[in-house]
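What's counted below: heavy atoms across the whole structure, side chains too, no hydrogens, waters or symmetry copies. Start at 1 and go down the list; that is how both ligands and their atoms are numbered.
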Amino acid sequence: MVSKEMYTFEDSEVVELVELRTAAVTYTASLANEAGLVNFSNLVGNFTLAAETAFKAGRIPKTPENQQLLQNLRDLLGTLQIYRYQGDRELSPRAAQIRDSIRRVTFGDVISLRPEATASVCRAYIEHNMQQLPQPVKLYYMGPMFRRERPQKGRYRQFYQIGAEVLGGSDAPAIDAEVIEMVMTFFDRLELQGVQLEINSIGCRDCRPKYVELLRAELLKVKDKLGPDSQRRIETNPLRVLDSKLESEQTIIATLPRIADHLCEECAAHYAAVKHQLEARGVIYRENWRLVRGLDYYMRTTFEITAQGLGSQNAVCGGGRYDGLVELLGGPPTKGIGFAIGEDRLILSLQESGKAPVQQGRDVYIAWMGERAHATAIRAAKDLRKAGFSVELPPMEQKFGKALGQADKLGAKYALILGDNEVSEGLWTLKTLADGSQLKLPEPALIEHLRKSKAVSS
Ligand code: AMP
């Protein structure tokens with residue numbers, strides 16, 4: 001999973017050690033004078049003592065490495081004064097050694113926030129012996145994912161995915177097609193606009209490495225014409241060059257060898273059958289030979305679905321086959337295919353095309369004037385909220401004109417107008433903002449009226 005931008009950190013309960021470590025390793029004052037050296041020795045001493053105590057209590061990992069580092073620190077600490085008298089030249093390397101040892105003491109497990117959930121689902125399959133259930137097993141998930149990417153519209157560092165995986169059984173092309181059909185049907189029901197499905201096959205462990213080598217060799221021939229990112233990727237992951245959006249590289253990429261021409265016989269047959277199965281289901285697709293997935297365990301079918309209104313980050317769903325992954329994670333050889341929908345982008349696209357409410361407006365805005373009306377307004381807000389309405393109650397008196405303007409801006413359906421007259425008559429005014437019509441009703445009848453109209457609209 002390392003090729004995704006992960007949030008990785010040391011999960012530690014020893015906050016005080018973290019602070020002591022920072023103080024010791026960021027101490028920059030000169031060690032050439034007595035005060036500087038004493039301060040530094042104290043900081044290192046405090047850290048070492050606290051770390052030794054935590055080590056003995058098992059609050060930091062009792063590893064041989066930690067033990068050794070703490071021993072080193074003790075020894076070095078004891079000799080700091082000696083180095084002091086031998087001069088700066090001797091002292092600086094010791095101080096660097098001390099800082100290095102302090103940095104390397106581990107305080108807890110290194111953990112990562114999940115960048116995606118396919119691997120977690122595969123682990124669940126293994127852990128719960130799901131290979132003993134009737135195959136294939138069909139699972140889904142919804143939840144937050146975390147990637148340290150550059151945020152922009154539709155690309156966040158915490159975002160939500162809805163995904164499904166089919167694990168075990170065969171790798172029949174009908175499974176690939178059915179999985180894709182399911183997402184397309186879901187998008188269709190949501191009336192997502194401008195939906196486009198692109199598919200590709202990226203081969204298997206037999207044929208892909210040969211293609212990658214061919215691609216690398218061809219890329220090396222045109223290396224000078226590529227940008228720095230692609231130049232680097234020739235070595236690290238040549239397939240990713242195909243992802244490049246750089247204008248100047250497009251004509252070069254168009255001339256590169258295509259994986260479809262280099263699939264082994266089984267992969268070519270599988271790909272042809274997937275396309276046939278999609279056609280049998282009436283699923284419209286476009287082939288995109290440049291569609292690849294960054295991670296090694298993906299194979300054969302890959303797909304991506306884009307939608308309108310999202311700008312450059314327009315993929316709402318990505319998926320593919322990953323037959324080797326369960327085995328890679330320590331389970332039995334298992335077929336697998338799945339997808340992840342980007343929930344944030346899905347909603348964004350629906351909002352852009354007016355298929356989802358952009359912002360929830362209020363049901364009722366209470367426009368009140370005068371102290372007596374304020375008391376009534378507070379009570380009305382309480383009653384209406386209790387009855388399930390969302391209510392905006394302005395904290396300060398406003399002129400009615402301004403209040404109604406505010407109600408309109410907030411997208412309120414109704415304005416409840418409470419002034420001196422309404423309070424003394426016991427008749428409240430309800431204005432429907434969409435058409436400007438007004439009603440005067442006693443309190444219970446008004447709430448009943450709102451309740452009925454809410455039932456009709458929902
Ligand atoms: P992936 O797991 O990279 O195949 O992504 C699957 C889907 O998740 C994409 O098609 C996007 O809709 C969504 N997605 C991926 N990364 C982000 C992100 N940083 N912010 C919002 N959505 C994302």
According to side chain to side chain contact (heavy atoms under 4.5 Å, CB included), who are the partners of Glu213, at least two apart in sequence or on a separate chain? Arg216
Using modelled atom types only, decide if a donor and an acceptor are shared between the side chain of Arg114 and the backbone of Pro144 within a distance under 3.5 Å. yes
Asp344 heavy atom under 4.0 Å from ligand 1: no
Taking the minimum heavy-atom distance to atom 5 (O) of ligand 1, which of Gln152, Arg155, Gln161 ranks first? Gln161
Checking the side chain of Thr255 only, and the main-chain atoms of Ile252 only, is there a donor and an acceptor separated by less than 3.5 Å? yes
At a non-hydrogen distance cut-off of under 4.0 Å, which region of Arg147 contacts ligand 1 (side chain, backbone, both, or neither)? side chain
Would you say the side chains of Glu5 and Tyr7 form a donor-acceptor pair under 3.5 Å? no
Indicate yes or no: does an N/O atom of Glu116 lie under 3.5 Å from an N/O atom of ligand 1? no
Should we say atom NZ of Lys153 is surrounded by more than 12 heavy atoms from elsewhere, each under 6.0 Å from it? yes
Quick one: does ligand 1 sit under 4.0 Å from the side chain of Glu304, the backbone, both or neither, non-hydrogen atoms only? neither
Heavy-atom distances under 4.0 Å are what count here, so tell me which part of Glu149 touches ligand 1: side chain, backbone, both or neither. side chain
For ligand 1, which atoms sit closer than 4.0 Å to a heavy atom of Ala315? 9 (C), 10 (O), 11 (C), 12 (O)
Checking side-chain contact (heavy atoms from CB on, under 4.5 Å) for the pair Phe303/Asn200: CA distance, chi angles, key distance, verdict? CA-CA 6 Å; Phe303 61 97; Asn200 192 22; over 6 Å; no
Regarding atom 13 (C) of ligand 1: of the candidates Gly342, Gly154, Gly319, Ala307, which has the closest heavy atom? Gly342
Could you tell me which residues satisfy side chain to side chain contact (heavy atoms under 4.5 Å, CB included) with Phe400, sequence neighbours excluded, listed by chain and number? Ala367, Met369, Ile417
Would you say Phe159 has any N or O atom under 3.5 Å from an N or O of ligand 1, going by distance alone? no
